[in-house]
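What you are looking at is a predicted structure, and each value in this text was computed from that prediction instead of being measured.
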Amino acid sequence: MRDMAVVVKQAENPNDIKTFVELPYRAYRGEPFWRAPLRLERSEHLDPKKNGTLEYLQPTFFLAYRDGEPVGRIAAFVNQTHLQHHADQTGHFGFLDTLEVGDGEVVSALLSAAENEVRAKGMARIGGPYNFSVNDECGLLVDGFDSPPSVMMSYGREDLPDLVEQAGYAKAMDTYAFRYRMGETFSTPRFVSRIKKRFDDDPSIMVRPLDMSRLYEDIALIVGIFNDAWSENWGFLPISDEEAKFLADSMKPVLQSESLWIAFIDDEPASFTLMIPNLNEATLGLDGRLLPFGWATLLYRIKVAGVKSARIPLAGTRKKFHKSRRGMTATVGAWEACLSAQHAKGVREVEFSWVLETNKDLLGLADIYDCDRYKTYRIYEKAL
């Protein structure tokens, strides 16, 4: 079959987009560490009527065919927000998957299609993968193939990094995923305990959980903290109002009051920690389908049986409080409140991701908590 020519076509109609969404389920079904995401969520992620962020991305979706059968996919787009902040003439690719292992011909053809697309839009470089931005799933797994990904983290197959590099791509940045095992008895590291005591003794610093009756307001509040906290980081993109609403809508079915903790200094929102249940644990065996009985299974696993693993995808402290005693105290207050509350609900393993390889503060925090760095994701770039 490999002697058949590869043809790349733009996915333009609803049937093409359905094929685009379905391809990973065909490609990875049966692989031991593949965790099928919910098909409904993946479809909405690609739907401009549901995901308002696509309006300024205007992505182009491509499918690779061999002998008339779809064998790969990729998306290409120019992120206007990225260009406004970085002015680097860089377009992006994402959603790179192939049906067969080691199919370099398909990878090369798909990347060429993405390169041509962003070049035609005036870009001088291309980077990725991003699904769709640095605030979504991003990076290609290059280390840690012996375990499944956590929720909203990319699945990776060992053949892809080499094939991408053979197409002329080089490392731009690595990000890490850390695993924190809490055990049956909740405990706090000794160093953190000293800071936690400062929190307990300082009435000007307080934390509260998410107020579900004002979900959108609280999500907007933490987005404001996040956009300030990480504004000087590599690749930073602010979370827009549209993204904040999409984030709230996407997480609403699984969020609980104890999922998000916000710290205040003198009544000013200063820091937050957000933890979400690992849906990849809850959806195991559903093949991404909620019908006919997937809803019942999913709700039982989340609401009744409970999931034992979770992920911290977002956390941050306003820059004005960085490197300050009260800032550290507020950060620890939110972090510990979140961990303790989720432990009480049965969570025993937490993924802390992703973390830039250059972020010394978060790498130090992971070390303090004796976290296991168990996955590495790589973002690539190429001059056009």
Side-chain angles (χ1 to χ4, degrees), residues 144 146-151 153 176-210 222 225 229 254-265 270-282 301-317 321-355 359-375:
D146 57 351
S147 59
S150 188
V151 60
M153 294 294 283
Y176 300 139
F178 291 91
R179 180 169 51 196
Y180 177 46
R181 303 180 192 274
M182 293 196 284
E184 291 304 313
T185 301
F186 183 77
S187 61
T188 301
R190 183 176 300 177
F191 174 76
V192 177
S193 294
R194 294 199 295 268
I195 302 175
K196 179 66 165 54
K197 185 178 186 307
R198 294 206 306 257
F199 169 80
D200 294 334
D201 294 341
D202 191 339
S204 71
I205 305 175
M206 58 84 68
V207 296
R208 70 161 174 84
L210 167 68
I222 69 164
I225 298 174
V254 298
L255 282 181
Q256 301 172 329
S257 179
E258 298 85 356
S259 302
L260 170 64
W261 291 82
I262 307 169
F264 297 79
I265 298 178
S271 184
F272 76 94
T273 301
L274 171 68
M275 188 186 298
I276 57 177
N278 180 17
L279 286 184
N280 287 353
E281 176 187 336
R301 289 174 177 175
I302 293 176
K303 303 292 186 181
V304 181
V307 295
K308 303 298 184 184
S309 59
R311 177 180 171 231
I312 296 178
L314 291 176
T317 301
F321 298 117
H322 286 186
K323 309 297 184 182
S324 73
R325 180 185 178 93
R326 291 209 297 170
M328 176 64 76
T329 303
T331 300
V332 166
W335 185 269
E336 280 289 301
C338 191
L339 289 176
S340 176
Q342 293 302 314
H343 185 275
K345 288 186 169 295
V347 172
R348 294 296 179 265
E349 184 176 291
V350 178
E351 179 172 300
F352 175 30
S353 64
W354 48 258
V355 178
N359 193 324
K360 294 181 180 180
D361 289 341
L362 289 186
L363 295 177
L365 183 64
D367 186 55
I368 288 170
Y369 276 89
D370 196 26
C371 296
D372 171 28
R373 194 183 88 193
Y374 79 120
K375 289 185 184 293

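Evaluation of the salt bridge (Lys or Arg N to Asp or Glu O under 4.0 Å) rule for K360 yields no partner, not counting sequence neighbours. Listed by chain and residue number, nothing satisfies the ring-ring contact (aromatic ring centres under 6.0 Å, His included) test with F199 (two or more places apart in sequence, or in another chain). F352 is linked by a ring-ring contact (aromatic ring centres under 6.0 Å, His included) to W335, counting only residues two or more places apart in sequence or in another chain.
The CE atom of M206 lies 9.5 Å from the CD1 atom of I262; values are rounded to the nearest 0.5 Å. Expressed to the nearest 0.5 Å, how far NZ of K196 lies from CZ of F191 amounts to 15.0 Å. In this structure, CZ on R194 lies 12.5 Å from OG1 on T329, to the nearest 0.5 angstrom. Atoms OG and CZ, on S150 and R179 in that order, are 11.0 Å from each other to the nearest 0.5 Å. Within the model, atoms CZ of R326 and CZ of R198 stand 11.5 Å from one another, a figure rounded to the nearest 0.5 Å. Considering CG of D200 and CD of E336, their distance stands at 10.0 Å, rounded to 0.5 Å.
For the residue pair V151 and L279, the shortest heavy atom distance occurs at CB-N, 3.7 Å. When all heavy atoms of M328 and I195 are compared, the pair lying nearest together is CG-CD1, 3.6 Å. Counting all heavy atoms, side chain and backbone alike, A334 lies closest to T273 at C-OG1, 3.7 Å. The shortest heavy-atom contact between K308 and G346 is CD-O, 3.3 Å. Scanning all heavy atoms of the two residues, the minimum distance from R311 to W354 falls at NH2-N, 3.9 Å. When all heavy atoms are compared, the tightest approach of A263 to A330 is CB-O, 3.4 Å.
The main-chain N or O of P149 is found under 3.5 Å from a side-chain atom of N280 such that the two form a donor-acceptor pair. Looking only at distances, a side-chain donor or acceptor of R348 sits under 3.5 Å from a matching main-chain atom of H343. Of the possible donor and acceptor atoms, none in the side chain of H322 sits under 3.5 Å from a partner among the backbone N and O of G327. Judged by distance alone, the side chain of S340 and the main-chain N or O of A337 form no donor-acceptor pair under 3.5 Å. K375 contributes no side-chain N or O that, together with a main-chain N or O of A177, makes up a donor-acceptor pair within less than 3.5 Å.
Counting heavy atoms from C-beta outward, N359 and Y176 have side chains that stay 4.5 Å or more apart. The closest side-chain heavy-atom distance from I312 to V350 is below 4.5 Å. Between S259 and I276 there is no side-chain heavy-atom pair separated by less than 4.5 Å. Here the side chains of Y374 and S147 are in contact, with some heavy-atom distance below 4.5 Å. L339 places a side-chain heavy atom less than 4.5 Å from the side chain of M275. Using a 4.5 Å heavy-atom threshold, the side chains of N278 and V307 count as separate.
Sparse packing is recorded around CG of D370, with 12 or fewer heavy atoms of other residues, nucleotides or ligands lying under 6.0 Å away. In R325, the CZ atom is not crowded: 12 or fewer heavy atoms of neighbouring residues, nucleotides or ligands sit closer than 6.0 Å.
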If you apply the rule side-chain contact (heavy atoms from CB on, under 4.5 Å), what do you find for L363 with F178, and how did you get there?
CA-CA 9 Å; L363 295 177; F178 291 91; 3.7 Å; yes
For a side-chain contact (heavy atoms from CB on, under 4.5 Å) check, start with the C-alpha distance between V192 and Y369, then their side-chain angles and the critical distance, and finish with the verdict.
CA-CA 9 Å; V192 177; Y369 276 89; 3.4 Å; yes
Output, in order, the C-alpha distance, side-chain angles, deciding distance and verdict of side-chain contact (heavy atoms from CB on, under 4.5 Å) for E258 and Q342.
CA-CA 7 Å; E258 298 85 356; Q342 293 302 314; 3.8 Å; yes
